[in-house]
Amino acid sequence: MAAGTTRALFLACFRGGEGSGGRLALRPRYAPVPRRTKAAAVAGDLEAAAGAAEEEEEKVAVFAVTGMTCAACAGSVEKAVKRLPGVHDAAVDVLGCRAQVAFYPAFVSEEKIRETIEDVGFGAKLIDEELKEKSILVCRLHIKGMTCTSCANTVESALQAVPGVQRASVALAIEEAEIRYNRRVVAAIQLVNAVEESGFEAILVTAGEDRSRIDLKVDGILNERSAMIVKSSVQALPGVEDIKIDTELQKITISYKPDQTGPRDLIEVIESAGSGHIAVSIYPEADGREQHRNGEITRYRQSFLWSLLFTIPVFLTSMVFMYIPGLKEGLDKKVVNMMSIGELLRWILSTPVQFVIGRKFYTGAYKAMCHGSPNMDVLIALGTNTAYFYSVYSVLRAATSENYVSTDFFETSSMLISFILLGKYLEILAKGKTSEAIAKLMDLAPETATVLMYDKEGNVVSEKEIDSRLIQKNDVIKVIPGGKVASDGFVIWGQSHVNESMITGESRPVAKRKGDTVIGGTVNENGVLHVRATFVGSESALAQIVRLVESAQMAKAPVQKFADQISKVFVPLVILLSFLTWLTWFLAGRFHGYPSSWIPSSMDSFQLALQFGISVMVIACPCALGLATPTAVMVATGVGASQGVLIKGGQALESAQKVDCIVFDKTGTLTIGKPIVVNTRLFKNMVLREFYDYVAAAEVNSEHPLAKAIVEHAKNFHSEETHIWPEARDFISVTGHGVKAKISDKSVIVGNKSFMLSLDIDVPVEASEILMEEEEKAHTGIIVAMDQEIVGIISVSDPIKPNAHEVISYLKSMKVECIMVTGDNWGTAKAIGKEVGIENIIAEAKPEQKAEKVKELQLSGKTVAMVGDGINDSPALVAANVGMAIGAGTDVAIEAADIVLMKSNLEDVITAIDLSRKAFFRIRMNYVWALGYNIIGIPIAAGVLFPSTRFRLPPWVAGAAMAASSVSVVCWSLLLRYYKRPLITQKRQT
């Protein structure tokens with residue numbers, strides 16, 4: 001696929017996603033009108049209105065447009081509106097039947113725009129005078145303190161209960177919540193409060209508002225007086241929305257609109273307000289999530305090491321020294337009555353482990369019980385407290401008795417806590433590796449950038465190296481050979497080749513010259529480039545991709561519901577089983593008695609029963625169930641992004657692994673999508689240039705790839721670059737058939753054979769024979785008629801994508817049925833199908849018929865994936881179980897899809913399905929392990945094997961097994977990081 005169309009995905013398509021709030025993206029299909037500022041001089045007949053323009057803001061109006069049927073209709077409306085004086089930009093949504101126009105009221109009115117749309121032949125009604133501030137936002141919170149699925153469900157329920165929240169999703173693996181809410185009903189701070197009221201700590205990552213935020217560090221004296229001066233100075237800047245100053249941390253947080261100001265302006269104003277006594281830089285907390293994870297790793301490591309310091313002596317005195325002569329006698333020496341030195345030492349050493357190092361388990365258990373959602377902390381607290389307080393009772397009784405021999409379990413409580421801390425430490429280390437793909441994407445951005453300074457005449461006077469995070473819109477950045485492009489933008493000077501493989505997957509360097517767009521994070525191969533920054537910070541293509549992957553990792557797979565349902569009853573059920581285990585063994589020993597060989601000399605039946613009960617309580621692990629799905633989904637989506645396959649969440653991943661039938665569009669999917677005219681046959685005596693002038697005048701209003709190919713071919717007959725075609729009147733486009741228009745004095749019809757017959761145009765035998773010949777060559781024959789008479793046939797060829805046949809063969813070997821659906825004629829469709837190896841073909845299909853075919857296949861019991869790239873594919877992409885959009889396709893197709901193939905390589909269809917199957921194999925194995933561990937471990941801990949084998953599981957061993965279960969699940973998911981693409985796709989990479 002051409003590199004230019006691939007790059008369009010990142011610099012245009014992704015910007016219609018998060019943060020758009022349903023607003024149409026103002027991305028012109030034609031050359032945009034130069035941006036007009038308030039101070040700009042207005043040329044020609046607009047000079048009289050210049051004064052009014054300086055006082056009025058740009059407005060945005062939305063119109064409901066009726067009568068549009070295809071992209072050609074949308075193009076006609078957009079082109080007509082853009083020709084109006086004072087219209088800055090326009091975008092038309094053919095599916096939503098809306099037109100969004102940005103204009104200057106001093107030059108044009110809403111009524112004039114409405115009349116212009118109607119003059120083109122469509123109905124128009126103003127539905128919104130100006131787009132109001134979007135009310136539905138997506139907020140992200142980082143949540144501390146969650147340990148298992150029960151915790152995540154508690155937070156999710158608390159958020160769902162807040163008025164104004166439409167949807168809340170909590171991801172345990174990355175400890176984040178994504179909330180879709182109405183800002184007019186609830187504020188982001190209220191969502192934070194709701195989480196904290198449920199017993200967890202929440203940190204606001206983003207409120208979802210359409211603004212940028214920056215944290216600045218102040219070096220110098222920042223007292224209350226200077227803080228007030230700084231605040232008032234910053235608030236005076238245009239575009240500043242909010243400012244918060246923390247004098248203790250020497251930190252200033254500013255929210256601003258990047259179109260009006262930027263970080264360098266903010267730093268300059270703050271330093272000026274400080275009269276030279278303060279210096280400002282970007283706050284070092286660049287990645288709050290990473291910093292929190294590192295802090296959590298440090299805390300758990302320190303807690304584990306401190307617990308070891310106390311637990312090892314406890315273990316030695318209870319398990320080792322008792323078998324060493326001399327040491328045993330010393331430890332058995334009585335202190336008070338029957339209380340020994342060993343018991344006293346174990347009591348003293350285990351107490352700080354129980355109440356100081358293990359206090360987080362008490363806190364978590366208390367909060368969980370307060371909200372009626374017991375979690376793993378409750379099991380740990382109950383198990384360790386039972387062992388500890390029974391031991392205290394036993395030791396105190398020995399201290400007050402002259403003949404009672406105590407049995408303590410201090411080693412059980414302290415070793416349990418130590419092993420659980422070790423397990424949590426390893427689990428957090430492992431979970432951190434699940435998001436390595438995102439970290440690698442973020443690392444693509446360079447740390448510094450060279451900004452050029454210009455004088456009033458536009459000459460470069462100096463250059464300055466700055467932190468790349470300080471780049472502002474319209475900055476000009478110098479990129480040297482071997483350097484990274486620091487920001488999205490376009491080349492204003494220089495020529496070079498840029499390696500974009502790390503973003504688009506395009507293996508060959510792409511030539512760049514003046515006017516070409518570049519993507520931040522790509523590498524300049526040779527030559528020096530001057531790039532004007534257009535999208536910076538959170539608006540960059542790289543940031544958009546990272547955000548899409550993060551959102552995908554937040555989305556739960558349907559299979560996760562299974563774990564959620566189990567977690568709701570898991571902890572109460574385990575507590576009940578633990579009590580029943582203790583009661584069963586205690587009553588059996590009390591009323592029936594145990595053989596003397598069953599009970600160790602240091603225990604009685606109560607103590608034996610207690611040990612079994614504690615073992616049941618601490619071996620049960622809900623964490624492994626909760627981590628089984630999200631960790632695998634996180635790794636799979638991250639790996640997919642690094643391979644050029646953007647999977648939009650767990651739902652898409654789960655559906656993709658079930659796919660057994662794929663419906664392919666032809667143009668732009670199986671073929672390259674860049675058709676060219678290969679032959680022209682005329683049936684009337686006329687000059688070829690004149691023939692193409694008529695045809696191009698009709699087709700220039702269409703966005704169909706075949707129409708564009710004809711127009712490009714027609715340009716070859718004219719020397720000027722921007723030839724103006726004759727005006728087309730009464731233009732009509734029939735999707736999948738052709739176009740009709742009045743050109744000068746002729747009625748021109750361009751389309752397929754069925755279109756001609758529907759208009760009562762006779763198709764001679766000679767024309768039919770030519771059409772058949774072209775179709776056998778896999779060419780598309782386009783008939784041209786003028787004044788109801790056929791005058792020629794244009795033959796267009798769209799080359800098949802490399803490896804298309806191999807891809808289809810490989811899919812068949814994966815037991816996936818392949819079907820081709822196209823709007824092209826049957827002859828060409830069959831020829832293409834034969835060449836790529838597809839037998840099941842549907843031709844001359846309209847967009848709605850593609851969707852109907854998908855539904856028909858679904859009714860037959862198949863799980864259907866649709867692969868397409870155009871607006872006419874979007875209904876089928878939505879109808880399919882899995883929609884896969886080619887990365888170089890249209891915005892509508894990409895937004896309708898579940899999976900985006902960024903590199904536009906057909907082989908990535910295989911990668912998407914293969915990766916999803918391997919991911920769900922991991923998920924299934926995770927569930928087998930998590931469930932099997934509990935199903936087998938709980939009975940063993942309860943003493944099922946004890947009567948026959950005398951084997952019993954000490955509580956501290958059960959605790960170690962519980963800690964290991966979570967770590968094993970995460971590590972099993974992490975093996976997906978080493979995913980290898982199928983061989984056919986590896987060949988393409990090399």
Side-chain angles (χ1 to χ4, degrees), residues 70 72 75-76 121 667 675-798 823-829 831 843-844:
C70 65
S76 301
T667 305
I676 55 173
V677 174
V678 293
N679 194 15
T680 307
R681 304 285 287 272
L682 297 180
F683 300 114
K684 297 292 180 183
N685 290 324
M686 62 187 305
V687 179
L688 194 58
R689 186 174 73 171
E690 180 187 0
F691 169 79
Y692 269 106
D693 281 351
Y694 279 110
V695 177
E699 292 282 43
V700 75
N701 295 301
S702 173
E703 285 207 348
H704 196 283
L706 298 182
K708 290 181 178 179
I710 292 173
V711 173
E712 285 299 314
H713 185 73
K715 289 179 181 178
N716 296 330
F717 295 95
H718 299 275
S719 57
E720 64 270 26
E721 289 186 11
T722 56
H723 180 73
I724 300 175
W725 306 107
E727 183 182 1
R729 293 175 287 110
D730 302 329
F731 177 83
I732 297 173
S733 174
V734 180
T735 304
H737 287 81
V739 298
K740 179 180 179 182
K742 278 278 187 183
I743 313 294
S744 300
D745 58 340
K746 292 184 181 292
S747 171
V748 179
I749 302 168
V750 185
N752 56 27
K753 184 176 180 180
S754 62
F755 189 42
M756 300 297 160
L757 295 175
S758 68
L759 296 173
D760 296 325
I761 298 174
D762 182 51
V763 180
V765 175
E766 183 184 1
S768 297
E769 290 176 350
I770 292 172
L771 288 174
M772 290 179 65
E773 289 175 9
E774 295 300 325
E775 289 169 2
E776 288 174 359
K777 300 174 186 176
H779 296 167
T780 300
I782 300 172
I783 303 175
V784 179
M786 297 183 186
D787 295 332
Q788 295 295 106
E789 187 178 4
I790 290 178
V791 297
I793 293 178
I794 300 172
S795 179
V796 179
S797 173
D798 187 3
D824 211 338
N825 62 74
W826 276 99
T828 303
E844 300 179 5

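Note that the coordinates shown come from a computational prediction; the quantities given were computed from them, not determined experimentally.
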- CD1-NZ distance between Ile783 and Lys753, expressed to the nearest 0.5 angstrom: 7.5 Å

- Task: Would you indicate whether the side-chain heavy atoms of Asp798 and Thr780 approach each other to under 4.5 Å?
- Result: no

- Note on the structure: Closest non-hydrogen contact found for Pro726 with Ala697 is O-CB, 3.5 Å

- Query: Just by modelled atom types, is the Val677 backbone N or O under 3.5 Å from a matching donor or acceptor in the Glu712 side chain?
  - Reply: no

- Query: Taking all atoms of both residues into account, what is the closest heavy-atom pair of Ile790 and Pro764, and its distance?
  - Reply: CD1-CD, 3.8 Å

- Note on the structure: Heavy atoms of Ala698 and Phe731 approach each other most closely as O-CE1, 3.2 Å

- Query: Of all heavy-atom pairs between Gly781 and Ile793, which one has the smallest distance, and what is that distance?
  - Reply: CA-CG2, 4.3 Å

- In this structure, CZ of Phe755 is separated from NZ of Lys740 (nearest 0.5 Å) by 7.0 Å

- Task: Could you go through the side chain to side chain contact (heavy atoms under 4.5 Å, CB included) check for Phe691 and Met786 one step at a time?
- Result: CA-CA 10 Å; Phe691 169 79; Met786 297 183 186; 4.2 Å; yes

- Message: Within the structure provided, determine whether His713 and Ile676 are in side-chain contact (heavy-atom separation under 4.5 Å).
- Response: no

- Interatomic spacing from CD in Glu789 to NZ in Lys746 - rounded to 0.5 Å: 9.5 Å

- Query: Do Tyr692 and Thr680 pass the side-chain hydrogen bond (donor to acceptor under 3.5 Å, both in side chains) test, and can you show the C-alpha distance, the side-chain angles, and the key distance before you say yes or no?
  - Reply: CA-CA 10 Å; Tyr692 269 106; Thr680 307; 2.6 Å; yes

- Query: In Å, rounded to the nearest 0.5 Å, how long is the span from CG of Leu759 to NE2 of His737?
  - Reply: 10.0 Å

- Query: Just how far is it from atom CZ of Arg729 to atom OG of Ser747, taken to the nearest 0.5 Å?
  - Reply: 10.5 Å

- Do Ile710 and Ile782 pass the side chain to side chain contact (heavy atoms under 4.5 Å, CB included) test, and can you show the C-alpha distance, the side-chain angles, and the key distance before you say yes or no? CA-CA 10 Å; Ile710 292 173; Ile782 300 172; 3.7 Å; yes

- side-chain contact (heavy atoms from CB on, under 4.5 Å) partner of Glu699, the single match among Ile794, Val711, Leu706: Val711

- Task: Report the distance from atom CE of Met756 to atom CD1 of Ile749, rounding to the nearest 0.5 Å.
- Result: 6.0 Å

- Task: For Phe683 and Ile770, run side chain to side chain contact (heavy atoms under 4.5 Å, CB included): C-alpha distance rounded to whole Å, both residues' side-chain angles, the deciding distance at 0.1 Å, then the answer.
- Result: CA-CA 11 Å; Phe683 300 114; Ile770 292 172; 3.7 Å; yes

- Item | Donor-acceptor under 3.5 Å (Asp730 side chain, Lys742 main chain) | no

- Note on the structure: Residues Ala709 and Pro675: closest non-hydrogen pair is CB-O, 3.1 Å

- Item | Derivation and outcome, side chain to side chain contact (heavy atoms under 4.5 Å, CB included), residues Phe717 and Glu690 | CA-CA 9 Å; Phe717 295 95; Glu690 180 187 0; over 6 Å; no

- Query: Do other residues, nucleotides or ligands put more than 12 heavy atoms under 6.0 Å from Glu766 CD?
  - Reply: no

- Query: When you look at CE of Met686, are more than 12 heavy atoms from neighbouring residues, nucleotides or ligands closer to it than 6.0 Å?
  - Reply: yes

- For the side chain of Arg681 and the backbone of Ser795, is there at least one donor-acceptor N/O pair under 3.5 Å apart? no

- Task: Answer yes if the side chains of Asp693 and His718 hold a donor-acceptor pair under 3.5 Å, and no otherwise.
- Result: yes

